[in-house]
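Data block below; observations after.
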Amino acid sequence: MIPLCVPEIRGNEWKYVKECLDTAWVSYAGGFVSLFEERFAAYIGADHAVATMNGTAALHLALVALGIGPGDEVIVPTLTFVAPVNAVTYTGATPVFVDAGERTWNMEVRLVEEKITGKTRAILPVHLYGHPVDLDPLLEIAGKYGLYIVEDASESLGAGYKGKSVGAVGDAGCFSFNANKLITTGGGGMLVTNNAALAEKARFLSSQAKVPGAAYFHPDIGYNYRMTNVQAAMGLAQLEQIEDYLKAKRANALLYDTQLAEVKGIVRPLEEDWAVHSYWLYSVLVDGCPLSRDELMMKLADAGIESRPFFLPIHSLPPYRDRHYGDFPAAGRLSAQGLNLPSSVGLKEEEILRVCRKLKELAG
Ligand SMILES: Cc1ncc(COP(=O)(O)O)c(C=O)c1O
């Protein structure tokens with residue numbers, strides 16, 4: 001089976017994790033957490049980074065630290081993984097959905113302003129599959145209405161927006177390091193920000209609102225969201241190799257692009273001229289193909305090739321579907337046609353050629 005996306009572990013992971021085990025610094029204390037935070041912040045070009053147990057925790061923490069709660073509204077894309085929308089719901093705020101755009105499949109920024117009400121407090125763009133959201137129009141809207149921007153960059157570490165890293169543009173940026181992400185800590189996440197007070201608040205809330213020097217005095221309701229030393233040890237080793245990983249992802253995408261150029265039923269991903277795509281997942285649309293996306297996935301699986309459908313629009317899921325939000329035609333179409341193809345860093349050229357040969361046979 002050619003898997004969809006598996007971790008690449010070939011650097012200092014064993015050495016750094018062994019150091020945690022040898023010294024017994026396996027939990028929240030120990031040097032790797034702050035080192036990983038420092039190096040990650042430097043890589044992203046943000047002033048502060050707070051490591052968390054996963055990406056969902058980073059998103060929840062960012063929203064809570066910004067003071068978002070019951071009665072507030074947060075604008076989110078409907079075509080996304082469910083985690084950022086759930087993070088809004090955890091705070092007691094209401095997610096307000098926006099349709100997807102046809103070009104990059106991200107939140108359609110032209111549709112955001114009409115969703116703003118007196119209750120809107122933040123916009124939460126999600127950079128899907130490695131391609132950035134067009135952030136400048138969102139920054140303009142945020143400035144006009146006094147809103148926060150929390151970027152969900154979980155799927156797009158290494159992607160760039162007009163010379164900046166995604167995650168470093170808004171008030172806060174959140175990342176995930178689960179097993180299939182560009183770099184992994186097993187499970188883990190990171191919140192980055194240039195706002196020192198926000199970073200301090202997030203750090204405080206992530207450790208049960210603990211006050212240094214005041215044993216068991218907790219002046220706020222905190223969370224146990226910190227990353228462990230073992231996770232951070234692995235993250236540090238992975239981060240050391242990020243440039244190689246990104247090069248491999250781009251090379252994979254280029255090979256897919258050239259091989260699939262003539263396949264009529266497959267629409268390839270684009271990279272806007274203001275963006276640097278990280279190609280976390282090489283994703284296509286199945287459009288005008290004799291088979292449906294799901295039939296194609298089944299045939300690929302029969303040939304030993306793992307693939308994955310795009311997300312279901314979140315407004316259609318049971319916890320969210322009882323409210324009427326409007327129509328989201330683009331998200332519905334993209335969700336039905338979108339397909340993620342094998343994209344591991346360690347994918348071999350002959351494996352990509354095998355996937356493409358099969359796609360040409362089935363969709364050409
Ligand atoms: C867009 C997006 N946001 C958030 C998350 C949540 O990250 P985690 O699984 O680390 O909680 C993920 C991935 O899992 C994701 O794809």
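Along the sequence shown, the residues carry numbers beginning at 1. Order of listing sets the numbers, starting from 1, for every ligand and every atom in it.
Closest to atom 12 (C) of ligand 1 among all protein heavy atoms lies Phe81 CD2, 3.5 Å. Here the heavy atom of the protein found nearest to atom 4 (C) of ligand 1 is Ser154 OG, 3.3 Å.
Residue contacts with ligand 1 include Lys181, since one of its heavy atoms falls under 4.0 Å from the ligand. Residue Gly189 places every heavy atom at 4.0 Å or more from ligand 1. Remark: distances from the non-hydrogen atoms of Gly188 to ligand 1 include one below 4.0 Å.
Atoms of ligand 1 lying under 4.0 Å from at least one heavy atom of Pro84, given by number and element, are 3 (N). Atoms of ligand 1 found under 4.0 Å from any heavy atom of Asn54, numbered from 1 in the order shown, are 10 (O), 11 (O). Those atoms of ligand 1 with a heavy atom of Glu155 less than 4.0 angstrom away are 1 (C), 15 (C), 16 (O). Against a heavy-atom cut-off of under 4.0 Å, Thr56 is close to the following atoms of ligand 1: 6 (C), 7 (O), 8 (P), 11 (O). Counting the atoms of ligand 1 from 1 in the order shown, those under 4.0 Å from a heavy atom of Asn178 are 9 (O), 13 (C), 14 (O). Close contacts of ligand 1 with Ala83, meaning ligand atoms under 4.0 Å from a residue heavy atom, involve 4 (C), 5 (C), 6 (C). Near Val126, meaning under 4.0 Å from one of its heavy atoms, ligand 1 places the atoms 1 (C).
Between the side chains of His131 and Glu271, not a single donor N or O lies within less than 3.5 Å of an accepting N or O. Residues Tyr161 and Asp134 bring a donor and an acceptor atom of their side chains to less than 3.5 Å of each other. Of the N and O atoms on the side chains of Asp257 and Tyr279, not one donor lies less than 3.5 Å from an acceptor on the other residue. Gln238 and Thr184 are not linked by any side-chain donor-acceptor pair at a separation below 3.5 angstrom, with hydrogens and angles left out of the test.
Using a distance-only test at 3.5 Å, with no hydrogens or angles considered, no donor-acceptor pair links the side chain of Asp327 to the main chain of Pro329.
When each of Val74, Ile68, Asp72 is paired with Val88, the side chain to side chain contact (heavy atoms under 4.5 Å, CB included) condition holds for Val74 and for no other.
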Pair Thr52, Met227 - check side chain to side chain contact (heavy atoms under 4.5 Å, CB included), show working.
CA-CA 4 Å; Thr52 57; Met227 178 179 272; 5.8 Å; no
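There is a path of hydrophobic side-chain contacts, each under 4.5 Å, that joins Ile141 to Leu135.
When only interatomic distances are considered, the shortest N/O to N/O separation between Gly55 and ligand 1 falls below 3.5 Å.
Between Phe177 and Phe40, the ring planes lie perpendicular to each other; the angle is over 60°, past the 30° to 60° tilted range. Classification of the His60-Tyr223 ring pair by plane angle, with boundaries at 30° and 60°, yields perpendicular.
Here atom 2 (C) of ligand 1 lies nearest to Asp152 when heavy atoms of Thr80, Thr52, Asp152 are compared.
At a 4.0 Å heavy-atom cut-off, ligand 1 does not touch Ala57 at all.
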